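Working notes, beginning with the structure itself.
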Amino acid sequence: MKSFLSQPRDESAERYSLLFTSLIAAQSVVLPASFLLTVLFTVPAATALAASGDGATGKAAETAQLAIKVDQVGYPLDGPKVALVSTSAATFEVRRSSNNKVVFQGKLGPAEADPNTGDQVQAADFSALKQAGRYYIEIPGVGRSWDFEVGAKVFEHTYYMAMRGFYGQRCGTAVDMGPEFPGFSHPACHLHGEFSPTSGRSGSRDNIGGWHDAGDYGRYMTNSGITTGTLLWTWEIYGEKIKKISLQIPESGNGTPDILNEARWNLEWMLKMQDEDGGVWHKQTSAGFPGFIAPQDDKMPSEVIGTGSAPFKSTCATADLAVVGAIAARVYQPYDAKFAERALEAARRAWAWTEKYPNVTFKNPPGINTGEYGNDSCMAERLWAAAELWRTTGEAQYNDYFTGNDSAVLPGLDTPPGEKFNILGSMALWAYALSPRKGGDAKAVAAIRERTVTAARKLVERTRANPYHVSLQPRDFVWGSNGVAAEYGTYLLIANLFQPDAAFVNAAQDNLHYLLGRNTFSLSWVTRVGEHPYQHPHHRPSGPGTQPDPWPGLLSGGPNKDREDQVLAALPKDLPPAKVYADRWESYASNEICINWQASLVFLLAGEMK
């Protein structure tokens, strides 16, 4: 079973126009040289920069910026500071952006061959620089990098941007990103819903709210579960760091921390997906994917979709509501006790339904072609629900279920996230081990902590050994590989909670550096973040002809060695796995956004904030 972080969303069911197909074919014919084709497909923003430069000078400057890889957001004042270089050189300088003054000089490390990219990579270590400011790397005879910050709160604004990305995904309400991003707005969308025949019901069901899941306008309970659960954990674990950060959303200033305000927008929709018997329908989408249109222009019926046969609800979706309802009962209690009580009641009812129907799985019924998010087993979801309900209530039935079933997923902790990692099982185990409640199974807690820490130490060594200082292995470059990188960071931060170790925090930060520009493309994979972010997400509101820039704060899925769309299939066949990526809106298999990857990014950013 694939993790939600790597599971394809079946967006390949989408059908593009003949014009798109002919464009792909034409481009692959016009550019026979592998290098030129790679540049065209993977770095169109950089190509545009080169074209706008002054001939050879502009191209040389661009080449240097692509060859010198930095975290374009920056580096914390204390701790490691490393840039990476993929062109042969001997020395480097750190210069202040405001006056070009040299503030640090050093020697580049030896070149190392990176199996993920085929690059020869040298490290520029400037950890000794302890002055806050805005800088760039200069390599004599080569050129300069993109700018970056060094400071105490260097990741705070990127956290703000990533959380604002969720606001931009809101469904059922007018959205306006405000004066910071003028023109990025849309009126209320998807205001009418109805039951699909697959739900066992008929008539209207106006479940307004929630987040658009990804580049399409569907809303999915299972992916909402892992996403919302991750955000609520972010608050529980790192609340002191983020409680005063205003997200500039309509609810800001209401006395509730804004991460909880934003999460509640999705929670309210999830609660509406629960039937009277406690079961939960799997998703709310149209029968198929809409065209690349604005959300308010999508007039296809928004249908509550079930399994197609009795009991019509799915166990995985129902258990996911039990998970987030149980966490919500804890975290919202100080701010809205009635909402916390309502969430817990929904969680209890959902759990009772899963007791009656312990493994009703979901596959798209005939005629439904949107994302499936199906699983062969809902055991991990139920285990997580039991852990969270035990943590919230202390009731024996939940503890008994957990301790009777945790051994089935415990071995998964030995293999941190990758293509076959069951992240839900690990979330269940961590929820139990993180609980301060007395009366739990001390041996189970000790085993969870020990196995997590042991695996994290191996992960640290692997990350250090990688020339790009990232945890990803060749097999990890799948659909949503950037989400896998963020989840590696999450794993390391959880290990740090069990046994504090700067090595865990630094390795987690290395994965964050990768996402924010220290990668083979020298590309920030978060829209509107850094000087060289990707430009063309597979994201309908950001579609061609809408705005000159994409909607802000959104994490790209990232390189995908499996080439699961026509754009990736047209790339040169000999590309290493980490280079199978295209910054094109048509590439849903490498450049779509998705809320669960986004949530992992938020957790990682909060964990690395000071």
Side-chain angles (χ1 to χ4, degrees), residues 1-5 7 221-222 225-226 229-230 232-233 278-280 282 311 313-327 329-330 344 346-362 373-417 420-455 487 490-491 494 498:
M1 180 176 68
K2 289 189 176 182
S3 119
F4 286 167
L5 294 175
Q7 178 185 20
M221 281 297 300
T222 48
I226 183 69
T230 299
L232 296 180
W233 271 29
V280 177
H282 197 78
K313 283 78 66 175
S314 82
T315 303
C316 294
T318 305
D320 279 318
L321 181 63
V323 167
V324 299
I327 307 172
R330 299 194 300 268
L344 181 56
R348 290 182 185 277
R349 292 172 55 228
W351 176 260
W353 193 93
T354 70
E355 290 277 78
K356 187 176 181 180
Y357 302 103
N359 199 46
V360 179
T361 58
F362 181 87
Y373 286 121
N375 277 333
D376 296 328
S377 170
C378 299
M379 189 274 290
E381 287 88 343
R382 293 198 71 209
L383 192 69
W384 190 12
E388 297 292 6
L389 280 162
W390 154 252
R391 192 173 172 182
T392 300
T393 69
E395 294 174 12
Q397 61 168 322
Y398 307 122
N399 188 50
D400 291 345
Y401 181 88
F402 181 89
T403 55
N405 292 276
D406 62 309
S407 61
V409 299
L410 189 62
L413 289 175
D414 300 335
T415 309
K420 297 181 180 179
F421 181 72
N422 182 0
I423 184 60
L424 293 176
S426 294
M427 295 288 276
L429 297 171
W430 292 336
Y432 193 82
L434 288 168
S435 174
R437 185 173 292 281
K438 296 180 180 180
D441 187 330
K443 289 185 179 180
V445 170
I448 294 165
R449 289 171 173 258
E450 180 181 353
R451 292 179 91 143
T452 300
V453 169
T454 298
E487 193 54 48
T490 296
Y491 193 101
I494 294 293
F498 293 150

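These numbers were taken from a predicted model, which means no experiment stands behind them.
In this structure, Y491 contributes its side chain and L413 its backbone to a donor-acceptor pair below 3.5 Å. Not one N or O on the side chain of R382 forms a donor-acceptor pair closer than 3.5 Å with the backbone of P358. Looking only at distances, no side-chain donor or acceptor of T222 sits under 3.5 Å from a matching main-chain atom of A317. S435 places no side-chain N or O within donor-acceptor distance of the main-chain N or O of R391, the cut-off being under 3.5 Å. For H282 (side chain) and G374 (main-chain N/O), no donor-acceptor pair under 3.5 Å exists by modelled atom type. Counting only distance, with no hydrogens or angles, the side chain of R451 and the backbone of D414 share no donor-acceptor pair below 3.5 Å.
Between V409 and G425, the shortest heavy-atom contact is CG2-O, 3.9 Å. When all heavy atoms of F498 and L434 are compared, the pair lying nearest together is CE2-CD2, 3.6 Å. W353 and G279 make their closest contact through CD1-N, 3.2 Å (heavy atoms, listed as atom of the first residue, atom of the second, distance). Residue A387 comes nearest to A428 through the heavy atom pair CB-O, 3.5 Å, listed as atom of the first residue, atom of the second, then distance. Scanning all heavy atoms of the two residues, the minimum distance from A329 to T392 falls at CB-CG2, 3.9 Å. Across every non-hydrogen atom of E381 and L424, the tightest pair is OE2-CD1, 3.2 Å.
When V324, L383, I327 are each tested for a side-chain contact (heavy atoms from CB on, under 4.5 Å) with E388, only one passes: I327. Screening W390, Y357, W384, Y398 against W351 for a ring pair (Phe, Tyr, Trp, His ring centres under 6.0 Å) leaves a single residue, Y398.
D320 contributes atom CG, which lies 11.0 Å from atom OG1 of T315 (distance to the nearest 0.5 angstrom). Taking CG of N375 as the start and CZ of F362 as the end, the distance is 11.5 Å to the nearest 0.5 Å. Rounded to the nearest 0.5 angstrom, S314 OG and N359 CG are separated by 10.0 Å. Rounding to the nearest 0.5 Å gives a distance of 4.0 Å between CZ of R348 and CD of E395. Once rounded to the nearest 0.5 Å, the distance linking CD1 of I448 with CD1 of I494 reads 12.0 Å. Rounded to the nearest 0.5 Å, atoms CZ (R449) and OH (Y432) are 12.0 Å apart.
Within the 4.5 Å cutoff, no side-chain heavy atoms of V360 are placed close to those of T354. Here the side chains of L410 and L429 are in contact, with some heavy-atom distance below 4.5 Å.
Looking at E450 and K443, no side-chain N of the basic residue comes within less than 4.0 Å of a carboxylate O on the acidic one, giving no salt bridge.
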